There are 2 protein chains.
Amino acid sequence: MDARKRRILGTLIDDYIVSAEPVGSRTLAKKYGLGISSATIRNEMADLEELGFLEQPHTSAGRIPSDRGYRYYVDELMQRPQVGSDTVNRVRMAFSAPVREIAWFIHQTAQMVSEMTAYPSVVVAPPVNDACLGDIRVMQLNSGTLLLVVATDSGMVENRAVPLPEDMNFEQVGWLAHEFAREFRGMPIKELKDRILDPLSSDEERYHGLWESLLAWMSDWRSNDDRVTLAGSLNILKYPEFRDVGKVERVLGFLQREQAVEQLLNQTSPQSDQVHVIIGQESPFDAIWDCSVVTATYQLRGHIVGQVSVIGPKRMQYAHVVTTLEMVSEELSRALKWA
Amino acid sequence: MDARKRRILGTLIDDYIVSAEPVGSRTLAKKYGLGISSATIRNEMADLEELGFLEQPHTSAGRIPSDRGYRYYVDELMQRPQVGSDTVNRVRMAFSAPVREIAWFIHQTAQMVSEMTAYPSVVVAPPVNDACLGDIRVMQLNSGTLLLVVATDSGMVENRAVPLPEDMNFEQVGWLAHEFAREFRGMPIKELKDRILDPLSSDEERYHGLWESLLAWMSDWRSNDDRVTLAGSLNILKYPEFRDVGKVERVLGFLQREQAVEQLLNQTSPQSDQVHVIIGQESPFDAIWDCSVVTATYQLRGHIVGQVSVIGPKRMQYAHVVTTLEMVSEELSRALKWA
DNA sequence: GGTTAGCACTCTAGCCACAGGAGTGCTAAT
DNA sequence: ATTAGCACTCCTGTGGCTAGAGTGCTAACC
């Protein structure tokens, strides 16, 4: 791979990313001032195809990048643009609102990223299991219903309205919740869940039932469900490779399977602060073999707890997406510093 | 409109609903034992077209129903099937879970309806404005952050994490919230919002700031946003009339504009317990002129507070959808009796 | 020896003509 | 009033054809 081959490959992919049409030698020679003739480019392109970086849809068409070609482009060739300061400001503004639930940040992030990139965006929220119990409160909704509110210290909140147990009144339940919170505040939710299996944890006969309910309910706390927020899914309809409804269905259907998405982002992306790119068949899920996924991680209290991610056609604006995600995930981590 | 015309129109629409192909006189005569020849049917069909109930895509094609034809079908012709008792049981089971937030019911409903009908489903939650304040609590998330939880007596809950004000500690905020709840419990949220404009409501100098924050926050409570839950939107991709990505984009794009959807369901559907059907251009929104919308209302405390609704191609399984929605909205109203 | 002009070759997309088929409307017979 | 028959219309699918884009190869060039 000499410099000229790299130059040609990079230019070709740049062109294909915006045109979505196979790129021929003539186009390359004319449109971009490469200083060499189309014949030379043809020779080089034949080499690049032999090396596996390019493909030909059919004999008399131009070339398109192969998965391997995209991979080389992402790893070696693409030029990262600077993120405009107005974009950064926009993100900072959004994150500086006086709202502090983690769920809110997740939604904001997904929304902004899909708008900024014009691709669908997926954001994975921190796992509840790793967070610590912040507080539990009981509220009275009406005469027969109470609302349990459980919060982690990092700002994840879960509500559950339940009937008031027959043999208790509100004060009692409130007192119980207070005791529960006093006993377990600061304990990781995961440990709390484990308690359920430990019968010794419920001392008082009287409150046995509700105490167990509280624990049972904790165990129920959606640890794997509902962690995934999807935004801008309709963006995908804009790209010509998805003019076929069947493809759209495959991809969007996949994106709605939260567990699969979480698995994809969790397992394949290394726990690093590097942006990670999955191209086409590199994905373990064949539903998105026509797509590329770009993933960045964000941190809470110094630990990586979730991902911000973009999905689009393999012909994706990698440079723009990568820098955008880098910036957003960094800002998100910063915005979550209070937690 | 004699009986035979009605019979022909009804049969033709029944056929078109499943086949999605223009229906010819021969098909009608052969496939369904109408006891008359195709020539007679042709004459009748010509009449029906003149009356505006049928259309011809082109001269040598069969007929398809016009909007007016569907309207007549829905109002007069269609045969409502019985809802299977297993289906009813499934819905009752789902609604009998020991969970009682209204938001949960809304999601369940949308999910179930879209599965049962195989169309996208939209459910509108009760307006917050009409509900009454149930309780307010303040929770401590961590040293600098507090979580306000506001609930209506009907089980709608809203959380907001905010920084602890500089000049207050948690006890003070907690006491304040307690006072606030004591003062305003049972008051409609709408009235609470109006208070914001009334400067006399804040007596105590000391707590002026937070008191106002609480009120301001109430006013912020998404009264119009977020009322709309959409489920099964990908179902629409299954129908041949949406093989064109542009159409899909128009319709799904519309469904994501919550305010428009709410407006559609609120304004056009009468406040009755009758199921209401909007066919094609009867809708004020041209984005869904290729679609029909079926809407049922549900009740909370004897008042109609929201809608359960299905959207699909004009060639919709009206009979099935109408009976399903009737059943589901009834069960939903029943399930919300505790509130 | 690398580069390039030139040329023959290949393959697709688009166009046109054509035939088959489905369905109609009309007429005349029942 | 109904229906069989028939001419007519229009869409759809097919096949052949051409134009154009792009390639690979060869021979000339620097």
Side-chain angles (χ1 to χ4, degrees), chain A residues 1-9 11-16 18-66 69 240-241 243-244 315, chain B residues 1-9 11-16 18-66 69 240-241 243-244 315:
Chain A
M1 282 296 275
D2 56 22
R4 195 170 67 184
K5 278 199 177 52
R6 295 160 55 101
R7 179 107 191 272
I8 290 174
L9 181 57
T11 313
L12 187 149
I13 297 186
D14 281 338
D15 187 84
Y16 184 66
V18 306
S19 74
E21 300 283 328
V23 186
S25 57
R26 196 184 138 81
T27 315
L28 228 40
K30 275 221 158 179
K31 200 159 148 194
Y32 307 90
L34 296 184
I36 44 179
S37 76
S38 65
T40 311
I41 295 180
R42 271 202 291 286
N43 290 328
E44 295 286 38
M45 277 163 69
D47 290 353
L48 284 166
E49 181 166 359
E50 214 167 325
L51 290 168
F53 294 113
L54 294 179
E55 291 171 353
Q56 236 176 339
H58 53 84
T59 333
S60 75
R63 304 301 210 288
I64 62 174
S66 67
E241 32 270 275
R243 213 169 299 152
D244 172 30
R315 177 187 66 85
Chain B
M1 281 298 273
D2 57 21
R4 195 171 66 184
K5 279 200 177 53
R6 295 159 56 100
R7 180 108 189 271
I8 290 173
L9 180 58
T11 313
L12 187 149
I13 296 185
D14 281 339
D15 187 83
Y16 184 66
V18 308
S19 73
E21 300 283 329
V23 186
S25 56
R26 197 183 138 82
T27 315
L28 229 41
K30 274 221 157 177
K31 198 160 150 195
Y32 308 90
L34 295 184
I36 45 181
S37 77
S38 66
T40 310
I41 295 180
R42 270 203 290 287
N43 289 328
E44 295 285 37
M45 275 163 70
D47 290 352
L48 284 167
E49 182 167 357
E50 213 167 327
L51 291 167
F53 293 113
L54 293 181
E55 292 170 353
Q56 236 176 339
H58 53 84
T59 334
S60 76
R63 303 299 209 292
I64 63 175
S66 65
E241 32 270 274
R243 213 170 298 150
D244 172 30
R315 177 187 68 84

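On a predicted model such as this, the values are computed, not experimentally measured, just so you know. A note on names: the letters A, B, ... follow the listed sequences, proteins ahead of strands, and every chain is numbered from 1.
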Rounded to whole angstroms, how far apart are [atom1] on [X] and [atom2] on [N]?
X: B:K5; N: D:dA1; atom1: NZ; atom2: P; value: 11 Å
X: B:Q56; N: D:dC10; atom1: CD; atom2: P; value: 10 Å
X: A:K30; N: C:dA5; atom1: NZ; atom2: P; value: 12 Å
X: B:L48; N: C:dT24; atom1: CG; atom2: C1'; value: 15 Å
X: A:M45; N: D:dC25; atom1: CE; atom2: C1'; value: 16 Å
X: A:I41; N: D:dT23; atom1: CD1; atom2: C1'; value: 13 Å
X: B:K31; N: C:dG23; atom1: NZ; atom2: P; value: 11 Å
X: A:N43; N: C:dT3; atom1: CG; atom2: P; value: 9 Å

Legend entry - Whichever of A:A46 and B:T40 has its nearest DNA chain D nucleotide further upstream toward 5':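 Taking each residue's closest nucleotide, the earlier one in sequence belongs to B:T40.
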Legend entry - Toward the 5' end of DNA chain D, by each residue's nearest nucleotide, B:P57 or B:A39: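 Its nearest nucleotide lies further toward 5', so the answer is B:A39.
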Picking from [options], which would you name as closest to the side chain of [X]?
X: B:R63; options: D:dG24, C:dG25, C:dT12; value: C:dG25
X: B:R42; options: D:dT2, D:dT9, C:dT24; value: C:dT24
X: A:S60; options: D:dC11, C:dC11, D:dG5; value: C:dC11
X: A:T27; options: D:dC6, D:dG22, D:dT23; value: D:dG22

Legend entry - Estimated bend of the helix from C:dG1-D:dC30 to C:dT30-D:dA1 (axis per five terminal pairs, rounded to 10 degrees):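 Overall, the helix from C:dG1-D:dC30 to C:dT30-D:dA1 bends by 20° from one end axis to the other.
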Inset, instruction - Remember a base hit wins even if backbone is also touched, and classify A:S25 as base, sugar-phosphate or nothing at under 4.0 Å, heavy atoms. - result: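 Contact class for A:S25: sugar-phosphate only.
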Measure across [X] and [Y] and return the closest heavy-atom pair with its distance rounded to 0.1 Å.
X: B:M1; Y: B:F53; value: SD-CE1, 3.8 Å
X: B:S66; Y: B:E55; value: CB-OE2, 3.5 Å
X: B:L28; Y: B:M45; value: CD2-SD, 4.2 Å
X: B:S37; Y: B:A29; value: C-CB, 4.3 Å
X: A:P22; Y: A:Y16; value: N-CE1, 3.9 Å
X: B:Q56; Y: B:T59; value: NE2-O, 2.9 Å

Inset, instruction - State whether B:S37 places a side-chain N or O below 4.0 Å from either non-bridging phosphate oxygen (OP1 or OP2) of D:dT3. - result: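 Checking B:S37 against D:dT3: at least one side-chain N or O falls below 4.0 Å of OP1 or OP2.
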Legend entry - side chain to side chain donor-acceptor pair (under 3.5 Å) against B:R26, all qualifying residues, sequence neighbours excluded: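 For B:R26, no residue satisfies side chain to side chain donor-acceptor pair (under 3.5 Å) once neighbours in sequence are set aside.
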